[in-house]
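One structure is given below, encoded as structure tokens.
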Amino acid sequence: MSDERPGSHGRRGDLLGNSGWNFAGFLFTLIANLATVPFVVRWIGLHALGSAGIVIAIAAPVTLIGTVLGQAVIREISARIGRGEENAAARVGIAGIKICLIASAVAWLGIVLAGPWITTGIAGASLPTSQNVTISFLIVATGTLAQQFSLVLQGICVGKQSFRLVAKASAWSSFATIVMTLGCTLSFPVVNGYLLGFSGSLVLSTAGWVWVTFPEFRENGRSISSSPQELKSLLDFGKWQSLSQLAGIFGNQMDRYVLASLAPSAVVGQYNVCNRVQEAAYIAVIRICEVLFPRFGNMSNSREEERHDFFMLASWGNSAFGAIVLSPIAVLSSPLLTVWVGEGTAAGGAHLLQILILGGIVGCGSNVFQYYAMGMGRNAPAAYTSLVYSLMTVVCSFVSIRYFGPYAAGAGLLAASLVRVPIALLVTRKCFFSTFTAEQMFACTASPILVGVCVVVGSLGLDFTWINGWLSLAIAYVGLVCVVTGAIAAVAMMTNTGSIILSRAYGSVRTALSARRMIGWNHHLVRRKRGL
């Protein structure tokens, strides 16, 4: 690994600060998830929650609009800011909103018309007789439409690396989720009551994003307008990402589709609870990692050697953080579900959660590859890799649930992730870094993942009956975090690349903390002078 260029520590210090703000936004989301699920299960039951999950899963492909546009906006804004084109970056955001408006209106109509027909065909027999499916899709379509705008607005903030605004909007979104979900479900304890709270929270969340991003669309008191050039750049970026994301969405929802056709809605509800835990934890890793996307966009004109060094450090940090956060959850799956929701969900659900978490741990190994490819504007390799992964997920999910039962849900995701990571590493070597050696691949990506998986597998059969509340659960979680962290560091020290990565990571953190202390001291001196 080469020596760092001057100022690189400062940039990484900013990266750590952005990660901190992004992680703060995740904590708000986590609180909203923890606060709402137990009450929803208690008020409407697992059967109704499963039925609601089927409706949401059928509408899920529409999130392709906001996801792809949001990623395109991040890429184009970060690249233009890296070139010093601030005005062009602002016009990109306006262009993204215009495309989102047209595409979301068409998608809304498609959900309302086709959704009830698809739901009846997949899971008609297991739906509650009191549920009006047409009303369900009118409610969900409206919330989903609003969600697409929030994803694009979030992309504008991330592209400009305004993660303080992301944290602020996430805090508002969490508040809206808790108030709307609990308020509507308590007032109308049926499937559509929960869906009303779900969609209402998305609408209020979007209002919060509009509030925090409104100044980004004005310059010197005047509104900014877009041009055909920005529209073309977004569409060029989105053509590959649409393929990648659409396949990914179907792959992620396949377990729900298969469960809905083969199992009672109560099992789908149990899966939704377990998947909510896995998604919340995995989002923590994504929130830390997604700050790399605009940074890679800024680095698109940097030397390959510098990008390679930063890629390895980022890949190790992402994989290590994923194993540290997710592994203890898999180990503590049974007591977690028991304390959080109840023994009824924990029975069988603990095994399901372990499989989902293992898939998440392994899946962390390809996150940095995806962000790097998008940041460099090389979407085709990432799209093909995602397409292969999604097809494998679909096939493996159907086969595993069909032949091994409902509690094999998540096995397809795990199996596909085991193949996706080595493919991503090989594509990285072929398309981006020809000097990427096998030892570097193992040290920066595979070793933290293997440690996390070994901890989970090695803990099977351990007795956690002593955990009887949130305090004892938190103590056990922190203890396991320390164990996984120490094991990852020890394994990293066994390789030359791992030792260098640890040294660089320590140096970056130390420099960032020193810079923050210096800024704090300067602010203190300024306040003292003003006082005099």
Side-chain angles (χ1 to χ4, degrees), residues 55-78 91-115 118 136-159 166 169-170 173 195 198-210 213 216-217 226 228 230-254 256-257 279 283 286 290 293-294 370-371 374 377 379 382-383 386-387 390:
V55 174
I56 295 171
I58 290 174
V62 175
T63 58
L64 171 75
I65 298 169
T67 302
V68 171
L69 280 175
Q71 291 176 343
V73 164
I74 294 172
R75 157 63 190 170
E76 297 304 320
I77 286 180
S78 62
R91 291 195 297 270
V92 167
I94 296 295
I97 292 295
K98 289 180 178 179
I99 298 174
C100 184
L101 177 62
I102 298 172
S104 297
V106 174
W108 183 91
L109 187 61
I111 295 175
V112 172
L113 294 178
I118 296 173
S136 298
F137 277 97
L138 278 170
I139 295 171
V140 171
T142 302
T144 304
L145 182 146
Q147 183 187 28
Q148 307 322 299
F149 287 95
S150 68
L151 291 171
V152 175
L153 295 173
Q154 182 177 351
I156 294 171
C157 291
V158 173
V166 173
S170 297
S173 298
L195 292 176
F198 169 81
S199 293
S201 65
L202 294 177
V203 172
L204 287 182
S205 297
T206 303
W209 280 106
V210 171
T213 57
E216 304 292 334
F217 300 111
S226 63
E230 283 76 36
L231 290 171
K232 183 177 183 299
S233 64
L234 291 176
L235 293 175
D236 286 344
F237 181 94
K239 63 184 180 183
W240 287 110
Q241 281 307 104
S242 296
L243 173 65
S244 172
Q245 292 296 331
L246 182 61
I249 289 172
F250 278 111
N252 291 334
Q253 299 297 331
M254 183 52 57
R256 288 190 178 93
Y257 297 153
E279 285 180 343
I283 287 173
I286 293 297
E290 71 181 1
F293 184 11
Q370 293 286 333
Y371 286 129
M374 291 189 296
N379 293 33
S386 295
L387 181 60
S390 300

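- With hydrogens and angles disregarded, a donor-acceptor distance shorter than 3.5 Å links the side chain of S201 to the backbone of F198.
- For the atom pair CD1 (I102) and CD1 (I65), the distance works out to 11.0 Å, reported to the nearest 0.5 Å.
- Note that SG of C157 and CH2 of W209 are 5.0 Å apart. Values are rounded to the nearest 0.5 Å.
- Under the 4.5 Å side-chain criterion, counting only non-hydrogen atoms from C-beta, I56 is in contact with L195.
- Nearest heavy atom pair, residue V140 against residue A59, reads CG1-CB, 3.7 Å.
- Rounding to the nearest 0.5 Å places CD1 of I97 at 11.0 Å from CD of Q148.
- Remark: F137 engages V55, I58, I111, P116, T119, V133 in a side chain to side chain contact (heavy atoms under 4.5 Å, CB included) (not counting sequence neighbours).
- Side-chain contact between F149 and L101 is present, with at least one heavy-atom pair separated by less than 4.5 Å.
- A 4.5 Å side-chain heavy-atom check between I99 and L69 finds at least one atom pair inside the cut-off.
- The two residues V152 and G96 have their closest heavy-atom pair at CG1-C, 4.1 Å.
- Not one N or O on the side chain of S199 forms a donor-acceptor pair closer than 3.5 Å with the backbone of T142.
- The two residues Q147 and T206 have their closest heavy-atom pair at N-OG1, 3.9 Å.
- Here the closest heavy-atom approach between residue I74 and residue G155 is recorded as CG1-O, 3.3 Å.
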Stepwise side-chain contact (heavy atoms from CB on, under 4.5 Å) check, W108 with L138
CA-CA 8 Å; W108 183 91; L138 278 170; 4.0 Å; yes
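- Considering CD of E76 and CD1 of I156, their distance stands at 13.0 Å, rounded to 0.5 Å.
- Taken to the nearest 0.5 Å, the CG atom of L109 stands 12.5 Å off from the OG atom of S104.
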